[in-house]
Amino acid sequence: MKMEQWMKQDEAFEGWDFSYITETGRMKSDGLSWSYGSLVLPLMREASTMLDMGTGGGEFLSMLKPFPTRICATEGYPPNVPVAKARLEPLGVDVRAYDSDDDLPFDGGEFDLIINQHESFSAREVRRVIRTGGTFLTQQVGGCDCFELNDAFAVPLNPEFSGWNLEQAVRELESNGFKVIWKQEETAGQRFYDIGALQYYLKAIPWQVPGFTVEGFQDKLEEIHRTIRKDGYFHASQHRFVIKAEAI
């Protein structure tokens, strides 16, 4: 299929749902050595109050039932807030919008458990709203995530985030009243099998290639399209790390 035909196959992105390209096999990711969901579930069973930071459209949280007695979620991306509210509030989740990692809309020591999947955070503010002895579990996207895309588009990684890794996150948590119980960091492959899937992905996460438009990067897209036709896919490396920490 010609690249122009792929570009016509567009779909609106809502919440934090990539199923349009993952369920059809157009983008696939290798597995990590851990399962974030499997780490979360036993912690939920022991908690009475819980916060999900950066819930997106609530897709992941909605599948983690049964919930603790009180459960809240935050979302900082305005278009996602009504999506999350529509999905989660009928399940009893208190969904709140927020503007800053340094100012979560909760009182001090409210939560037994705070989970965070791919959301930025202030270690000091997380410590404020979690009770002593509570658990903070986060899976983060590292600063070198999908650097092959940046190389292909000749756009450098964002220097504000390129140094974000397990070591830095552990240092911040330990400096703000947490004891790290367990940690892991690794990379996993991610493949794009057509240029339309890559276009969809980049529109959903505009921070990867800032200023991305099809028109503005036409030549680079053509080069990647030729790579996909030759090799069958375009490869990128996911940078992930996970930390389980106790508030002390």
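Between the side chain of Asp112 and the backbone N or O of Ser48, at least one donor-acceptor pair lies under 3.5 Å. No donor-acceptor pair closer than 3.5 Å links the side chain of His225 to the backbone N or O of Ile195. Side-chain atoms of Glu110 never come within 3.5 Å of backbone atoms of Leu51 as a donor-acceptor pair (strictly under, hydrogens ignored). Between the side chain of Asp145 and the backbone N or O of Val141 there is no donor-acceptor pair closer than 3.5 Å.
In summary, Glu59 and Arg87 engage in a salt bridge, as defined by a charged side-chain N under 4.0 Å from a carboxylate O. A salt bridge does not link Lys85 to Glu75: none of the charged nitrogens lies less than 4.0 Å from a carboxylate oxygen.
The cationic group of Arg26 lies under 6.0 Å from the six-membered ring centre of Tyr20 and within 45° of the ring axis, placing it in a cation-pi geometry.
Within the structure, the salt bridge (Lys or Arg N to Asp or Glu O under 4.0 Å) test picks out the following pairs touching residues 114-125 (sequence neighbours left out): Glu125-Arg128.
Partner Gln139 forms a side-chain contact (heavy atoms from CB on, under 4.5 Å) with one of Leu32, Asn116, Ile115 and no other, that one being Leu32.
Ring pair Phe60/Tyr36 is tilted by interplanar angle, where 30° to 60° counts as tilted.
For Phe212, the ring pair (Phe, Tyr, Trp, His ring centres under 6.0 Å) test picks out Phe153, Phe217, with sequence neighbours left out.
Within the 6.0 Å centre-distance limit, the rings of Phe121 and Phe136 are counted as a close aromatic pair.
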